[in-house]
Number of protein chains: 2
Amino acid sequence: MAQSDTVDRILDAAEELFAERGFSETSLRMITSKAKVNLAAVNYHFGSKNALIHAVFARFLTPFSATLEQAFDELEESCGDQPPTLNQTLWALTESAVRMPQRNEKGISIFMRLLGLAYTQSQGHLRKFLEQEYGDPFSRFMRLLKAATPQLSAVDRYWRIQFMLGATAFTMSSSDALRDILQNKTGVETSVQEIALRLVPFLAAGMQAEDAMLVPPKGSRVSVA
Amino acid sequence: MAQSDTVDRILDAAEELFAERGFSETSLRMITSKAKVNLAAVNYHFGSKNALIHAVFARFLTPFSATLEQAFDELEESCGDQPPTLNQTLWALTESAVRMPQRNEKGISIFMRLLGLAYTQSQGHLRKFLEQEYGDPFSRFMRLLKAATPQLSAVDRYWRIQFMLGATAFTMSSSDALRDILQNKTGVETSVQEIALRLVPFLAAGMQAEDAMLVPPKGSRVSVA
DNA sequence: ATTGGCTTCAAACGTATGTTTAAAACAGAC
DNA sequence: GTCTGTTTTAAACATACGTTTGAAGCCAAT
């Protein structure tokens, strides 16, 4: 909580406000007044509002991507030459997120919401920044997913990965769910864990759904291409 | 395409720009210049920017919710006293969306993206408007889902429905996917159908995933609460 | 031809935004 | 204590926004 440093106070306030209201809807004046610093401080320390947004993401994402790469290293090593399973891959990602050291109680859920917003609000500069800075672990995750689902055609896998990302990003960015999570007085860490405990099986089952179900029910007006 | 009426030209332009850039990021000046109408026309015909947003949604959602209610009526009638299955319920929704008469080639995918944005960008007024105006068919869909998944606990069902909504809304609101869809020269209608053909089985499988998978793999640091 | 009700138009209004400025305050080194 | 570079501050800047205004244009009914 109590950092007296201006930069950190700005980052804390910005992180929270961005998560609550989105990027465009959060003004520098809201941020600086919440952080109790002068308006010009943002431009002095970060250069611009966009650079501040990048800094908010970098503060969490840089240590996280390091943790994730290490988790993938351990997983691949423990598997020998055969590729990790879908379940193992998903859990490696989940555990890396949960194990991240939290700045405060709301830590993870706030950042999950930010990640969801980053995906959804098509802010060109953010997308470019994230791809450039953290594209590597993401590509690696994709490669692991591919190796873990050899039974899927490329196009099936592409769409199902989209669905997975969607369920995850959306759940994390749902403000109602976030409110529920924050309301939960048993501590957020276990709440995020509980969501993950429910989400991962859902995703794994969806990824491994049988093609047979692709056919709509009898009498359907949706024709199979 | 070619409507000469000012109101429709504004709605068409707004619909497209909102889908491309989001609500806050689209200014009235962008809309009116794309629609080739005077800036003041929006406030004259709709009253405010928020009211324009509502009108964009109402133009699609009002006929859609009628179609959907009818589809649910038919489904429940054809099922007698036993409740419709999960697959039937999901397909009834999907087909209602696909069968909607399109204003132009991009029709459905644009509106799917708007629905995704509505859920994601936490615009208070929009959420309130949608709940108030179209809450009934949504509640009915929820009731059908509950009856179709009696094996799930209430909290499990709650979260899995969140995941379903997420996968759907996100996929539909993903601008990259949208671009792919629009690139597909075989016509958007079949593309949306193809996505639905892949999405519905994914969702159904996820909804019916077994609880046994709830336990993380051996050696996991995520403890079961 | 003139009226009266919509609709369009160019212009302006007030406000909020991100950013810049230049002076003041501060801190540590000498 | 004085100097030097960094940080903070209040004020202003330029721009973009949603909205309002009042005159002009239009078109059918009188």
Visitor: Could you tell me whether S24(A) contacts a base, only the sugar-phosphate backbone, or nothing, with contacts defined as non-hydrogen atoms closer than 4.0 Å?
Guide: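 Counting heavy atoms under 4.0 Å across all strands, no contact is made by S24(A).
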
Visitor: Is there a donor in the side chain of Y44(A) and an acceptor in the side chain of T6(A), or the other way round, less than 3.5 Å apart?
Guide: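 No, T6(A) and Y44(A) have no side-chain donor paired with an acceptor closer than 3.5 Å.
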
Visitor: Please give, in whole Å, the distance from dT19(D) P to F46(B) CZ?
Guide: 13 Å

Visitor: Just how far, in rounded Å, is C1' of dA11(D) from CG of L28(A)?
Guide: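 Distance check: L28(A) CG to dA11(D) C1' gives 17 Å.
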
Visitor: Specify the separation, in whole Å, of atom CZ of R21(B) and atom C1' of dA16(D).
Guide: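 It works out to 13 Å between those atoms.
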
Visitor: Could you tell me how far apart M30(B) (CE) and dC17(D) (C1') are, to the nearest whole angstrom?
Guide: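 Interatomic distance, CE of M30(B) to C1' of dC17(D): 10 Å.
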
Visitor: Figure out the NZ/P separation between K49(A) and dT15(D), and round it to whole Å.
Guide: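 Going from NZ in K49(A) over to P in dT15(D) covers 19 Å.
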
Visitor: Using a cut-off of less than 4.0 Å, is there contact between a side-chain N or O of H45(A) and OP1 or OP2 of dT6(D)?
Guide: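 Indeed not, no polar side-chain atom of H45(A) lies that close.
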
Visitor: Consider the side chain of T6(A), meaning its heavy atoms from C-beta on, and name the nucleotide among dT8(D), dC17(D), dG18(C) that approaches it most closely.
Guide: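 When the side chain of T6(A) is considered, dT8(D) is the closest of dT8(D), dC17(D), dG18(C).
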
Visitor: Given that S27(A) and Y44(A) both sit by DNA chain C, which one's nearest nucleotide is further toward the 5' end?
Guide: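 Nearest-nucleotide comparison on DNA chain C picks S27(A).
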
Visitor: Can you spot which of L52(B), I53(B), L28(B) makes a side chain to side chain contact (heavy atoms under 4.5 Å, CB included) with F46(B)?
Guide: L52(B)

Visitor: Checking all strands, does A40(A) fall into the base, sugar-phosphate, or nothing category for heavy-atom contacts under 4.0 angstrom?
Guide: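 Since a base atom lies under 4.0 Å of A40(A), the category is base.
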
Visitor: Any base atoms under 4.0 Å from T26(B), or only sugar-phosphate, or nothing? Heavy atoms, all strands.
Guide: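 Contact class for T26(B): sugar-phosphate only.
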
Visitor: If only atom types and distance count, is the side chain of K36(B) paired as donor or acceptor with the main-chain N or O of R9(B) below 3.5 Å?
Guide: no

Visitor: Output the rounded distance in Å from CD (E25(A)) to C1' (dC17(D)).
Guide: 14 Å

Visitor: Where the side chain of R29(B) is concerned, which of dA12(C), dA10(C), dT19(C) is the nearest nucleotide?
Guide: dA12(C)

Visitor: Whether N43(B) contacts dG18(D) is assessed here as follows: a side-chain N or O lying under 4.0 Å from the phosphate OP1 or OP2. Is that the case?
Guide: no

Visitor: Using only heavy-atom distances, determine whether the side chains of S24(B) and E25(A) contain a donor-acceptor pair under 3.5 Å.
Guide: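 Yes - a donor-acceptor pair under 3.5 Å links their side chains.
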
Visitor: Atom CG of D8(B) and atom C1' of dT7(C): how far apart are they, to the nearest Å?
Guide: 15 Å

Visitor: In terms of the nearest nucleotide of DNA chain D, which residue is placed more toward the 5' end: L39(B) or N38(A)?
Guide: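 It is N38(A), whose closest nucleotide lies nearer the 5' terminus.
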
Visitor: Short question: side chain of K146(B), backbone of A154(B) - any donor-acceptor pair under 3.5 Å?
Guide: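 Judged by distance alone, no pair lies under 3.5 Å.
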
